[in-house]
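Below is one structure, written out as structure tokens; the observations come after it.
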Amino acid sequence: MKVEILIRQKRQEKGYTIDKLAKIANMSKGHLSRIEREETEPSISTLVRIAIALKMDVNELYKIHY
């Protein structure tokens with residue numbers, strides 16, 4: 001599974017909108033949206049912020065992405 005798909009799936013499971021997750025992860029809604037649509041590659045620090053915001057293990061995203 002691609003990391004972008006996992007992020008979207010976990011976000012939806014938590015009932016978060018893109019806007020809500022972006023605020024929790026301290027990033028722009030547009031950037032998060034571009035990540036989910038696979039238009040941009042998330043940096044490691046972005047993956048960490050997203051994982052923390054989704055209350056998931058950072059390694060789960062990192063293993064898939066790298």
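We find the CE-CG distance between Met27 and Leu21 to be 7.5 Å, quoted to the nearest 0.5 Å. Here CD of Glu36 is found 4.5 Å from CD1 of Ile18. Values are rounded to the nearest 0.5 Å. The structure places CD1 of Ile50 at 9.5 Å from CD of Glu4, a figure rounded to the nearest 0.5 Å. In this structure, the separation between CG on Leu32 and CZ on Arg11 is 6.5 Å, given to the nearest 0.5 Å. Between Leu54 atom CG and Leu6 atom CG the span is 8.5 Å, to the nearest 0.5 Å.
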Kindly indicate, with the supporting measurements, whether the criterion side-chain contact (heavy atoms from CB on, under 4.5 Å) is fulfilled by Lys14 and Lys55. CA-CA 10 Å; Lys14 297 238 181 237; Lys55 297 180 177 98; 4.2 Å; yes
Evaluate salt bridge (Lys or Arg N to Asp or Glu O under 4.0 Å) for Glu39 paired with Arg37, printing each intermediate quantity in order. CA-CA 5 Å; Glu39 294 176 358; Arg37 291 191 320 264; 2.8 Å; yes
Please assess Val3 against Leu47 for the test side-chain contact (heavy atoms from CB on, under 4.5 Å), listing each intermediate value before the final yes or no. CA-CA 9 Å; Val3 70; Leu47 286 176; 3.9 Å; yes
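Lys23 meets the salt bridge (charged side-chain N to carboxylate O under 4.0 Å, His left out) test with Asp19; sequence neighbours excluded.
Of all heavy-atom pairs between Pro42 and Thr46, the closest is CB-CG2, 4.2 Å.
Using a distance-only test at 3.5 Å, with no hydrogens or angles considered, a donor-acceptor pair links the side chain of Arg49 to the main chain of Ala25.
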